2 protein chains.
Amino acid sequence: MTREPRGNPLFADWPTGRPAEPGACPIRDVLDRVGQKWTLLILISLERAPQRFSALQRSVGDISKRMLTQTLRELERDGMISRTVYPTKPPSVEYALTELGRSSLQPIATLSDWASANHDRIRAARAAYDAAV
Amino acid sequence: MTREPRGNPLFADWPTGRPAEPGACPIRDVLDRVGQKWTLLILISLERAPQRFSALQRSVGDISKRMLTQTLRELERDGMISRTVYPTKPPSVEYALTELGRSSLQPIATLSDWASANHDRIRAARAAYDAAV
DNA sequence: CTGGATCCCAGGCGATACTG
DNA sequence: CAGTATCGCCTGGGATCCAG
C-alpha cells in the first residue's frame, strides 16, 4: 500500500517486452505457451494417450505439420512432453506427457472450468455491449 | 473411447481458425484474451484497486495508450471490468473489476501458482534441452 | 485527461514442396 | 513416416499525431 517507484514490484520484469531476461516472469512464460494456438489441443490430446506424429495431427484437427512440429518442440524443450524415436523401417516417433506436463493440466482444467461456467455470461456481456453501440 | 469421425468432439469447434462461430469454444475464447500481452497485468492491477486511465498506465508499466485502450475495451466488452465516466472539467474515467472479472482471478491464480512452483523445472528442462543441441 | 486515427514493422501461422 | 525449408499473408502491437 506504500508508494512504489514505478508500479508494483510484481510487475517489474513482467512484460515480455523487456529484452533483459527471457522467461523472467513465470506467469508470462507459461501464459505465452498456453496462449499459443495449438498448445492446449496437443496437451489435451496427449492426455488421452501417448500418440505418434500423424495420429496427433489427425487428433488435433486442422493443424499443419509445421505448427505441429514447432509446438511439439517447444513443449519438449519445456519438459512438458517426451519424444521417443523407434528406429523402425519407416521411423515412428511417440510423444507423451511428462509428469510436469500432466501436472500442468490440473490448473489448466481449473481455468477451463471457469471458462465453461462463465461463457454464457461473457457472451451475454458482449451481446449487450455490441447492442449498445 | 469410441472412434470419432474426425478427432475428439471436444475439438470440433476449437481452433480459432474456424470462421464459423467466433467464441464457439469457451476455453479458446478465454485463453485468447488471457494470453494477450496486457490483459493479466491490467486485471491484477485493478484487483488492487479501481483505477483511472493514467494511473493504470503507470501501474502497468510500459504499455502504450493504444494497447491500454484496446485491452480495456475488450475486457469491458467481455463484462470483466466496468468503465465509469466522471464528467469533471478534464474528464476522468475509472475502471474497476466486475464480479465476473474478480471471479476470473481465482482460476488464474491457480495457474499462476503452478507457474511459479514449476518455473525452475521448466527453466532446467530448457537448459538441458539447449545444452543437448 | 482520455482516448481515436494512422502508419508501420515483427512475428505467428498457414500452404506448399522437398528429404531421410 | 516424420519432419525441414521457403514463401507469403495477416494480425498484434508499438510510435506518433490529433481531438474533445
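The model shown is predicted, which means the values in this text are computed figures rather than measured ones. Numbered from 1 within each chain, the chains take letters A, B, ... in sequence-line order.
Looking at B:R33 and B:E74, their side chains come closer than 4.5 Å, going by heavy atoms from C-beta outward. Between B:F53 and B:T69 the shortest side-chain heavy-atom distance falls below 4.5 Å. Residues A:T110 and B:L111 are not in side-chain contact: their nearest non-hydrogen atoms beyond the backbone lie 4.5 Å or more apart. With a 4.5 Å cut-off on side-chain heavy atoms, B:V93 and B:T84 do not count as touching.
Put simply, CD on B:Q57 is 11 Å from C1' on C:dG3, counting in whole angstrom units. Rounded to an integer number of Å, the gap from CG of B:L68 to C1' of C:dT2 is 10 Å. In this structure, CG of B:L31 is placed 17 Å from P of C:dG12, rounded to the nearest angstrom. Straight-line distance from the CD1 atom of A:I63 to the C1' atom of C:dT16: 16 Å, rounded to whole Å.
B:M80 CE to B:L46 CG: the interatomic distance, rounded to the nearest 0.5 Å, is 10.5 Å. Here OH of A:Y95 is found 11.0 Å from CZ of A:R52. Values are rounded to the nearest 0.5 Å.
The backbone N or O of B:L100 lies less than 3.5 Å from a partner atom in the side chain of B:S103, making a donor-acceptor pair.
Electrostatic pairing of B:D78 and B:R73 does not count as a salt bridge here, judged by no charged N lying under 4.0 Å from a carboxylate O.
Checking B:S82 against B:T98 by side-chain atom types alone, no donor-acceptor pair falls below 3.5 Å.
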All N/O pairs under 3.5 Å across the protein-nucleotides 6-13 of chain D interface:
from, atom 1, to, atom 2, distance (Å)
D:dG13, OP1, B:K37, N, 3.4
D:dG13, N7, B:R66, NH2, 2.4
D:dG13, O6, B:R66, NH2, 3.4

Between the protein and nucleotides 1-3 of chain D, which nitrogen or oxygen pairs come in under 3.5 angstrom?
from, atom 1, to, atom 2, distance (Å)
D:dC1, O3', A:R52, NH2, 3.1
D:dC1, O3', A:P91, O, 3.4
D:dA2, OP1, A:R52, NE, 3.0
D:dA2, OP1, A:R52, NH2, 3.3
D:dA2, OP1, A:V93, N, 3.2
D:dA2, OP2, A:S54, N, 3.1
D:dA2, OP2, A:S54, OG, 2.5
D:dG3, OP1, A:R73, NH2, 3.3
D:dG3, OP1, A:R83, NE, 3.4
D:dG3, OP1, A:R83, NH2, 2.6
D:dG3, OP2, A:Y95, OH, 2.6
D:dG3, O6, A:K65, NZ, 3.4

Legend entry - Test side-chain hydrogen bond (donor to acceptor under 3.5 Å, both in side chains) applied to A:T39 and A:T71, step by step: CA-CA 6 Å; A:T39 305; A:T71 312; 5.4 Å; no
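Axis angle between the ends of the helix from C:dC1-D:dG20 to C:dG20-D:dC1, five pairs each and rounded to 10 degrees, works out to 40°.
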